[in-house]
S.K.: 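Pasting a structure here, questions to come.
These numbers come from the heavy atoms of this one structure, side chains and all, not from hydrogens, waters or symmetry mates.
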Protein chains: 2
Amino acid sequence: MPPPPEPKAAGLLQGTLDMMILQVIALEPQHGYAIATRLQQISKDVLQVQQGSLYPALHRLEKKGWLAAEWKESEQGRMAKIYSLTKAGKKQLAEEAENWRRMSAAIGLVMGTAQ
Amino acid sequence: MPPPPEPKAAGLLQGTLDMMILQVIALEPQHGYAIATRLQQISKDVLQVQQGSLYPALHRLEKKGWLAAEWKESEQGRMAKIYSLTKAGKKQLAEEAENWRRMSAAIGLVMGTAQ
DNA sequence: CTACATACCAAGAAGCACGATGTATGTAGA
DNA sequence: TCTACATACATCGTGCTTCTTGGTATGTAG
């Protein structure tokens, strides 16, 4: 049998996935599969979003009205559901980003990583 | 009736509570009530740990062997359960702190807060 | 025709923070 | 004395999010 393929250690902080999805889409409308790829690229392989986390999150965000979906052709020439930010989504992203800054700064204070 | 007492906005990132508890206790053994107070002080009121989050977390950490508990007199002259870090707890804290740094840095990259 | 990358989705389980609620004691003030 | 408040512990149920695992389908390269 093959050696256990590394712990994988995803373990995302709750709530940050939604925020990062909004952020990636804010830069440019994307389909789900590409969002996961981009997140992994940008974070230099630290963040590896599972599909079982990604798609529920996308549906969640669409349901709340932060995202709008549309079937289009992807860059690879295949049909894909392209998500883009709604106006409410932009506002939500701004709020969550601000909250993230406050929170991570506070945690930084506690952990002595401040400054 | 009194005006609604401010949103309170706790909303901790899941998983970080354990890490911060370990960190606060690493600085000095504390009892539960004091841990919550300290966290609030250090974070300048950004982090407000509910008792319904705190005590389960303490029991969880003790069960895993990261914390050791002992009944002693508090600074206020009352009996309190003082928690201190075990050897395993120190190791765990180091791991979680390192992981936090990697994670928050990665999220920072995504959010454009980098540098 | 097999494997792989692309692209979507669902179901079940587990973990965790939260809100509400309860107990008890010591102290300060009315 | 009676009341309020701070200290100090704790449990329970709920809801949300993430993870794991599995499944569908298409195009392309070998």
Side-chain angles (χ1 to χ4, degrees), chain A residues 4-22 29-41 47-64 66-67 69-83 96 99 103 107, chain B residues 2 4-21 29-41 47-64 67 69-83 96 103 107:
Chain A
E6 303 185 19
K8 256 195 169 180
L12 264 192
L13 302 175
Q14 203 165 314
T16 54
L17 178 58
D18 290 12
M19 176 183 72
M20 291 192 291
I21 289 175
L22 291 176
Q30 303 271 346
H31 59 271
Y33 193 85
I35 293 169
T37 308
R38 282 249 190 272
L39 276 175
Q40 190 168 341
Q41 286 175 348
L47 305 173
Q48 298 187 14
V49 182
Q50 310 303 316
Q51 300 196 334
S53 308
L54 177 67
Y55 289 107
L58 286 172
H59 299 328
R60 195 160 63 224
L61 293 170
E62 189 183 2
K63 209 174 188 176
K64 288 182 182 169
W66 317 138
L67 293 185
E70 197 182 353
W71 282 97
K72 284 186 189 172
E73 199 167 329
S74 78
E75 294 181 5
Q76 274 70 28
R78 308 194 35 182
M79 292 312 289
K81 215 190 232 177
I82 309 287
Y83 290 94
E96 290 192 23
N99 195 53
M103 276 298 187
I107 296 175
Chain B
E6 304 186 21
K8 253 193 170 184
L12 262 194
L13 300 176
Q14 208 167 311
T16 54
L17 178 58
D18 289 12
M19 176 182 72
M20 291 193 291
I21 289 175
Q30 305 269 345
H31 58 270
Y33 193 86
I35 293 169
T37 308
R38 283 249 191 270
L39 274 175
Q40 190 168 341
Q41 287 175 346
L47 305 174
Q48 298 187 16
V49 181
Q50 311 301 316
Q51 301 196 334
S53 308
L54 177 67
Y55 289 107
L58 286 171
H59 300 328
R60 196 161 60 223
L61 292 170
E62 190 183 3
K63 210 174 190 176
K64 287 183 182 169
L67 294 185
E70 197 181 353
W71 281 97
K72 282 185 187 171
E73 200 168 328
S74 77
E75 295 180 5
Q76 274 71 29
R78 307 189 38 178
M79 293 311 289
K81 214 191 234 177
I82 310 288
Y83 290 94
E96 290 193 22
M103 276 297 189
I107 296 174

S.K.: Measure from CD on B/Gln50 to P on C/dG19 and round the result to the nearest Å.
M.R.: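 About 5 Å, once rounded to whole Å.
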S.K.: How close or far is atom P of C/dT6 from atom NZ of A/Lys72, stated in whole angstroms?
M.R.: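 Taking NZ of A/Lys72 and P of C/dT6, I get 21 Å after rounding.
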S.K.: In whole angstroms, how far is the C1' atom of C/dG19 from the CD atom of B/Gln51?
M.R.: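 Taking CD of B/Gln51 and C1' of C/dG19, I get 12 Å after rounding.
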S.K.: How would DNA chain D look in dot-bracket form, 5' to 3', counting Watson-Crick and G-U wobble pairs with both distances under 3.5 Å and writing | for bases paired to another strand?
M.R.: ||||||||||||||||||||||||||||||
S.K.: What distance separates A/Glu70 CD from A/Lys81 NZ, expressed to the nearest 0.5 Å?
M.R.: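 Separation between the atoms: 12.0 Å.
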S.K.: Can you tell me if the side-chain N/O atoms of A/Tyr55 get under 4.0 Å from OP1 or OP2 in C/dC9?
M.R.: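 False: A/Tyr55 side-chain N/O out of range (4.0 Å or more) of C/dC9 OP1/OP2.
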S.K.: Look at A/Gln76 and C/dA7 and indicate whether a side-chain polar atom (N or O) is within less than 4.0 Å of OP1 or OP2.
M.R.: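 Yes, A/Gln76 has a side-chain N/O under 4.0 Å of OP1/OP2 on C/dA7.
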S.K.: Would you mind reading off the distance between B/Arg78 atom CZ and C/dT23 atom C1', rounded to a whole angstrom?
M.R.: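 Between C1' of C/dT23 and CZ of B/Arg78: 12 Å.
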S.K.: Output the rounded distance in Å from CG (B/Leu54) to P (C/dT21).
M.R.: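 Those two atoms, CG and P, are 20 Å apart.
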S.K.: Quick one: does A/Met19's side chain get under 4.5 Å of A/Asn99's, heavy atoms only?
M.R.: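 With C-beta onward as the side chain, the pair stays apart.
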S.K.: From D/dA8, C/dC18, C/dC9, pick the nucleotide closest to the side chain of B/Ala80?
M.R.: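 The listed nucleotide nearest to B/Ala80's side chain is D/dA8.
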S.K.: Is there a side-chain contact between A/Leu12 and A/Met20 (heavy atoms, below 4.5 Å)?
M.R.: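 Contact flag for A/Leu12/A/Met20 side chains = yes.
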S.K.: For the residue pair A/Tyr33 and A/Leu54, what are the closest heavy atoms and their distance?
M.R.: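 Looking at all heavy atoms of both residues, the shortest contact is N-CD2, 4.5 Å.
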S.K.: Which is more 5' along DNA chain D, the nucleotide nearest B/Thr37 or the one nearest B/Leu58? Just name the residue.
M.R.: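 Result of the comparison: B/Thr37.
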S.K.: NA contact type, A/Lys63, heavy-atom cut-off 4.0 Å: base, sugar-phosphate, or nothing?
M.R.: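 No contact.
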S.K.: Which heavy-atom pair separates A/Ala57 from A/Ile21 by the least distance, and what is that distance?
M.R.: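 Answer, listing the atom of A/Ala57 first, then A/Ile21: CB-CD1, 3.7 Å.
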S.K.: What distance separates A/Thr16 OG1 from A/Met103 CE, expressed to the nearest 0.5 Å?
M.R.: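 One finds 12.0 Å between OG1 of A/Thr16 and CE of A/Met103.
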S.K.: Please determine whether a side-chain nitrogen or oxygen atom of A/His59 lies at a distance below 4.0 Å from atom OP1 or OP2 of C/dC9.
M.R.: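 Looking at the OP1 and OP2 atoms of C/dC9, one of them is under 4.0 Å from a side-chain N or O of A/His59.
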S.K.: So, do A/Ser53 and A/Leu17 sit near enough that their side-chain heavy atoms are less than 4.5 Å apart?
M.R.: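 A side-chain contact under 4.5 Å exists here.
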S.K.: State whether B/Ser74 places a side-chain N or O below 4.0 Å from either non-bridging phosphate oxygen (OP1 or OP2) of D/dA8.
M.R.: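 Yes, within the criterion.
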S.K.: Within the 4.0 Å heavy-atom criterion, would you say A/Gly32 contacts the bases, only the backbone, or no part of the nucleic acid?
M.R.: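 Result for A/Gly32 = sugar-phosphate.
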S.K.: In whole angstrom, give the distance that lies between atom NE2 of A/His31 and atom P of D/dA25.
M.R.: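 Taking NE2 of A/His31 and P of D/dA25, I get 20 Å after rounding.
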S.K.: Mapping A/Tyr83 and B/Gly77 to their closest nucleotides on DNA chain C, which lands nearer the 5' end?
M.R.: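 Its nearest nucleotide being more 5', the pick is A/Tyr83.
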S.K.: In this structure, how many angstroms lie between the P atom of D/dC16 and the CZ atom of A/Arg60, rounded?
M.R.: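 A/Arg60 atom CZ is separated from D/dC16 atom P by 10 Å.
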S.K.: In whole angstroms, how far is the P atom of C/dT6 from the CD atom of A/Glu73?
M.R.: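 Rounded to the whole Å, the gap is 16 Å.
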